[in-house]
Structures are given as structure tokens and as C-alpha cells.
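Whatever order the structure lists ligands and atoms in, that order sets their numbers, starting from 1. FYI, the numbering just counts along the sequence from 1.
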Amino acid sequence: MLMRKVPGFVPASPWGLRLPQKFLFLLFLSGLVTLCFGALFLLPHSSRLKRLFLAPRTQQPGLEVVAEIAGHAPAREQEPPPNPAPAAPAPGEDDPSSRASPRRRKGGLRRTRPTGPREEATAARGNSILASRPGDEGVPFRFDFNAFRSRLRHPVLGTRADESQEPQSRVRAQREKIKEMMQFAWQSYKRYAMGKNELRPLTKDGYEGNMFGGLSGATVIDSLDTLYLMDLKEEFQKAKAWVEESFHLNVSGEASLFEVNIRYIGGLLSAFYLTGEEVFRIKAIRLGEKLLPAFNTPTGIPKGVVSFKSGSWGWATAGSSSILAEFGSLHLEFLHLTELSGNQVFAEKVRNIRKVLRKIEKPFGLYPNFLSPVSGNWVQHHVSVGGLGDSFYEYLIKSWLMSGKTDMEAKNMYYEALEAIETYLLNVSPGGLTYIAEWRGGILDHKMGHLACFSGGMIALGAEDAKEEKRAHYRELAAQITKTCHESYARSDTKLGPEAFWFNSGREAVATQLSESYYILRPEVVESYMYLWRQTHNPIYREWGWEVVLALEKYCRTEAGFSGIQDVYSSTPNHDNKQQSFFLAETLKYLYLLFSEDDLLSLEDWVFNTEAHPLPVNHSDSSGRSWGRH
Ligand code: DMJ
């Protein structure tokens with residue numbers, strides 16, 4: 001109307017525009033539309049709009065939800081994990097085809113952020129973790145728990161055949177005693193520290209520590225499988241309920257990647273494989289996702305500390321280095337995270353670590369303890385089978401075993417490393433004790449840490465797959481090292497071993513200073529007894545194990561739980577006021593297994609992670625399908 005009043009204006013179209021004007025208007029309009037649409041991609045990652053507009057297969061809601069909870073951008077913004085796909089169902093849920101129904105898949109994709117613990121648990125039960133495998137585009141991920149269980153060669157809890165046999169009654173009583181110790185340790189924790197990371201038995205309260213980035217309940221998670229295998233049903237149910245209702249992942253502290261992995265991820269994975277309870281699987285995967293930012297380094301070698309708040313990586317305790325035992329002890333758990341989520345990113349991370357280690361030059365075939373995650377070079381030439389190095393070697397042989405003896409790379413790396421250790425670190429003392437020394441650029445420290453005492457068990461475990469001509473030798477070596485570690489216990493007043501013991505100045509297998517004389521309920525020596533028992537059935541290992549039980553009762557049991565002691569050479573114990581979570585996860589579990597039949601968590605079916613959490617061996621079927629895959 002307005003235009004008609006302008007003199008000389010002749011409308012060129014029904015809207016009253018000339019052709020050039022119309023063209024300009026259309027140009028403006030299309031620019032506006034492009035701008036609006038493009039803006040969607042500039043919105044923060046968590047934007048609901050973006051979720052609505054992007055195709056489902058370009059998202060990875062598992063990561064996204066975790067990132068939202070933690071208040072940071074998901075890891076995939078730095079490194080896109082491949083192949084997101086729909087959620088795995090709960091065991092015992094309806095048939096697989098129903099899982100592929102649009103409705104269910106839509107429900108998973110539209111999941112919104114849980115607002116509290118209950119919602120978090122509900123979301124977990126709803127199977128909303130999405131992931132996929134290569135080559136399976138469009139096929140929903142599914143882990144078939146029943147298929148997995150049917151492939152095990154032994155009943156998980158064994159046949160318990162001995163229980164009716166009179167000659168076994170002493171062993172049964174010993175086993176019952178260890179069970180009572182577990183019950184006591186658990187009840188004390190529950191009474192005074194439920195939900196905290198660990199119990200302080202003298203002050204009768206809980207302790208959080210600073211290793212877990214704000215995560216709580218380390219003792220609950222570490223205890224789950226031990227309670228289960230000891231048939232402590234009520235206690236297990238209580239622990240499970242705590243995980244369902246109170247184990248929150250929306251924390252924002254700085255955590256040790258290694259500790260969170262071996263205790264929390266390991267504990268949750270085992271609990272899932274033992275019970276099929278979906279809550280454990282979901283929480284393990286979600287927590288695993290929170291660890292991924294640690295790998296965002298130039299080499300992909302993770303830093304020791306991950307910040308749950310920013311998603312960035314922090315610095316390991318050893319300056320700018322990453323520690324061999326820490327980044328080298330992720331392989332078992334991360335392969336299972338991929339197995340249970342279908343998300344390949346976990347396996348890729350640890351395969352990359354393996355690749356870096358495979359390629360790098362090793363001095364004399366040895367693996368130093370510190371590596372720069374920036375340059376990928378060794379930082380110092382300190383080699384140890386004890387602290388800082390230990391579980392890296394353990395995870396090589398266990399990766400081989402867990403793969404159903406198909407991971408040749410792990411096998412070769414293990415035996416090569418063991419040869420180098422034997423050549424350069426192994427010694428026999430003047431008194432005839434075999435020990436593994438520590439190596440500092442060619443100079444030996446003639447000492448062994450308590451931590452290094454796991455190696456007797458490891459060498460026994462690996463002996464059977466060594467070259468024929470080496471098998472008997474490795475069996476003997478394992479027995480000798482275990483004997484030395486027993487000596488470190490036998491030579492103390494309490495019959496418990498020190499943190500480190502030396503072989504010099506005419507003294508053998510004893511600590512030389514008070515600062516190394518403590519015992520903090522560590523498992524490594526009884527761990528080796530357990531493996532040696534299973535391999536040889538030599539009754540000496542049960543005798544030695546029983547000595548430990550008696551010593552624990554006498555010197556470490558307090559009114560409100562078990563405590564470490566500050567000096568194993570003093571028969572008047574000075575308690576350190578800490579019931580370590582690994583005491584329930586490892587020490588009591590290995591003792592219990594030592595006095596049980598071999599088919600309780602058979603070594604044919606299970607490998608133990610370095611926190612003694614059992615993870616299943618991959619018994620693939622004739623078509624090569626693994627664990628619970630179809
Ligand atoms: C445990 O957390 C694990 O066994 C780890 O590998 C080493 N240290 C403790 C127990 O001593």
C-alpha cells in the first residue's frame with residue numbers, strides 16, 4: 001500500500017517488488033537461515049537444540065552425560081572416539097530384536113542429564129550407554145551375559161566338593177576363619193566409615209584421602225567381589241545397594257588414573273562379571289569415560305593424574321613423567337570396558353600405549369620407570385619390579401592369558417622383559433636367598449620392596465607358557481623368590497614383612513631403617529603363596545599363609561577393624577590407624593583362595609587385576625566370538 005503512493009512506482013510482482021529487489025530479498029533471507037542454522041553448531045556441546053538437530057549416530061551420549069555431570073566438555077571434542085552406537089541391555093532383558101526397536105533407541109538417545117543419585121541409578125538401569133563396534137553400523141550393541149557364563153569352564157564359585165569330606169575339615173576351619181576376618185573388617189568399616197574411602201579403626205571414623213578425585217566408597221567397591229565369593233550374601237547386598245544409591249560420579253577433584261582404574265573400575269567390572277548386575281557395568285563404563293581426558297597428551301601416554309573437573313590432565317607425582325606401573329596397568333580393565341560398552345575408544349587407548357612401549361628403545365631390554373608423555377622418551381633409567389614398575393610386567397603376562405592366549409605381542413614382551421630382568425637384576429645373596437634388585441642406570445640397589453614380592457606369583461603364572469626349556473627354571477625361580485619374601489616375614493618379630501628389605505652388610509631380607517619397617521596390610525606375599533599353591537600344591541604355602549593369618553590377628557586386629565603397623569620388628573604394635581581397602585580386596589581374598597579348592601575362581605577362567613579383582617579370560621567359541629559377543 002505504501003509503495004503504491006510513491007510516484008512512478010510500478011509493482012513488478014504480486015508482492016510489489018521489482019526483480020532485482022526480489023533477488024536481494026531472497027539473498028538476505030537465505031543468508032539469515034544459514035546463519036541461524038550455523039549458530040546451532042556454535043552453541044555449547046550440551047545444548048539440547050544440538051541434540052535435536054544432530055543425527056543420533058554422530059553423538060556419544062555416554063560421554064556427553066558424563067561430561068555434563070562433571071561440568072566439562074566431553075573428551076571426544078579433543079579426540080573423537082569412533083563408532084558410537086546404542087545401549088547394551090540389562091541381562092535377562094527381553095530379546096535382542098526388541099532392543100533395536102526405534103522406541104527403545106530413541107529413549108536412549110533422548111536421555112537427559114540425571115539430576116541426582118536416584119536419577120543416576122535409574123538412568124543406569126535404563127541402559128542408556130551408547131556405543132558400537134566397527135562393522136556393526138546400525139546394529140545395537142549387546143553383551144550377552146548368559147553366553148559369557150556358558151563359556152566358562154568351571155562354575156564361578158567352584159564345586160565346593162571338599163566341604164563334606166572330613167580330612168579337609170582343618171582347611172575348612174581355616175577358610176572359615178579368614179571369612180570371619182573379612183566379615184569383621186567389613187562390619188567395622190560399615191559401622192564407622194560406610195561410604196568413606198577407608199576406615200580408620202583407632203579413631204573409629206572414615207578417611208577419604210586424595211587419590212580418588214572426590215569419589216567415595218573405595219572400600220565398598222574393593223570389597224564387592226570378596227564378599228560375593230565368600231558367600232557373604234547380606235553384606236554383598238548392602239554393598240550393592242550403596243553402589244546403586246550412593247556411588248556418585250559427579251565429582252570434580254583430581255584423581256590418580258591408576259588407582260581409580262584398578263580399584264573402582266576393576267571392582268565394578270568384577271562385580272558385573274560375577275553377578276550380571278547391570279548397575280556395575282553402567283557405572284564402570286561411565287567412570288571409564290571420566291578417565292579418558294588423561295590420554296590427551298602428545299604421545300597418548302596418559303598422565304598419572306586426571307582432573308575430573310576440567311577434564312584436563314594433571315601432572316604425575318614424578319614431575320613431568322608418567323609412571324610405568326601406572327600407565328602400564330590399564331590394559332586389562334580397558335579391554336573389558338570396550339567389551340562391555342562396545343566403545344572401541346578404551347581399547348584404542350591402551351593399544352596405543354602398547355605401541356609406544358613396543359617401539360621405544362629399551363636400555364638392555366629393560367623398561368625404566370619414568371616416561372615423558374610429551375616426548376615419549378624415558379626420563380630416568382631407574383628399573384624396578386617393585387613400586388613404579390611392578391604391575392606393568394604383571395599386565396603383560398595377564399593380557400596374554402586374558403586374551404585366551406592370542407595376544408602374542410604381550411607374551412613376547414613379557415618373556416623378553418623377564419629375560420632382561422634375570423640378566424641384570426636377579427641376584428642370590430651369600431646366604432642363598434634369590435632376590436630381584438633395583439637398577440639405577442647400571443648400579444644395583446640390593447633391596448626388594450614388599451611390592452616386588454608379587455613377582456613370585458607372576459613368574460609362576462607365566463611359567464607354563466614359556467619355552468619348554470625354560471619352564472622348570474621359571475617354576476623354580478618363582479619358588480625361590482617367594483621363599484625370600486617369606487624370609488622377610490619370618491625374620492621379623494611380628495612375622496609380618498617390612499615395606500622394603502635389603503641384602504648387604506651381612507644382613508639379609510631385613511629392613512635397615514625404621515622408615516622401611518612398616519607393614520600396611522599389603523597382599524603381595526600372600527598373593528604369591530596363592531599362585532604357588534595352585535601350581536604346586538606344596539603344603540608349605542598353606543603353612544606360610546596361616547602364619548600370616550595368625551600374625552594379622554595378633555598384631556593388626558584392633559577393636560574396630562584391622563590396622564597397619566609401623567614397625568614389624570617390634571612386638572608391641574604401633575598401629576597406623578588405617579584399614580586399607582586393598583586389605584579387603586586382595587589380602588583377605590588371596591588368603592581365602594589359598595585355603596579353597598582350585599576351581600573357586602579357576603585360573604583357567606579368570607585373571608586377577610592388580611587389585612585382585614577377577615576378570616574373565618576370553619574363551620572365544622569356534623567362530624572366534626569372544627566373551628559375551630554374538
Ligand atoms: C594395591 O593397590 C595393588 O596391588 C597395586 O598394584 C600395588 N599396591 C597395592 C597393594 O599393596
Requested in this report: Using atom types as modelled and distance alone, determine if a side-chain donor or acceptor of S563 lies under 3.5 Å from a backbone N or O of D576.
Outcome: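 Answer holds: yes.
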Requested in this report: Please state whether the rings of Y541 and Y529 are parallel, tilted or perpendicular, taking 30° and 60° as the class boundaries.
Outcome: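 Plane angle between 30° and 60°, so tilted.
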Requested in this report: Please state whether the rings of Y189 and W186 are parallel, tilted or perpendicular, taking 30° and 60° as the class boundaries.
Outcome: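 Geometry flag for W186 against Y189: tilted rings.
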Report task. Between E586 and ligand 1, find which residue part has any heavy-atom pair under 4.0 Å and reply side chain, backbone, both or neither. Result ->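 The answer is the side chain of E586.
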Report task. Could you tell me whether E333 and K398 have a side-chain N and a carboxylate O separated by less than 4.0 Å? Result ->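 So E333 does not pair with K398 through a salt bridge.
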Query raised in the report: Does Y393 have its ring centroid less than 6.0 Å away from the ring centroid of Y414?
Result: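 Ring centres of Y414 and Y393 not closer than 6.0 Å.
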Query raised in the report: Does H450 reach ligand 1, in the sense of a heavy atom lying below 4.0 Å from it?
Result: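 No, H450 has no heavy atoms under 4.0 Å from ligand 1.
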**Report entry** Test item, I262 contacting ligand 1 (heavy atom, 4.0 angstrom)
**Finding:**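 Yes.
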Requested in this report: Mark up the atoms of ligand 1 that fall under 4.0 Å of a heavy atom belonging to E611, in ascending order.
Outcome: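 Counting from 1, the qualifying ligand atoms are 1 (C), 2 (O), 3 (C).
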Query raised in the report: Can you list the ligand 1 atoms lying under 4.0 Å from a non-hydrogen atom of L451?
Result: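 Those qualifying, in numeric order: 7 (C), 8 (N), 11 (O).
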**Report entry** R522-ligand 1 polar pair, N/O distance under 3.5 Å
**Finding:**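 Checking ligand 1 against R522, an N or O pair does fall under 3.5 Å apart.
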Report task. Assess K495 against Y489: is NZ or CZ under 6.0 Å from the centre of the six-membered ring, and within 45 degrees of the ring's axis? Result ->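 Pair K495/Y489 does not count as cation-pi.
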Query raised in the report: In the protein, what heavy atom is nearest to atom 10 (C) of ligand 1, and what distance, to one decimal place, separates them?
Result: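 Here the closest protein heavy atom is E524 OE2, 3.2 Å.
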**Report entry** Protein residue, atom and distance nearest to atom 6 (O) of ligand 1, heavy-atom basis
**Finding:**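 That would be T610 OG1, 2.7 Å.
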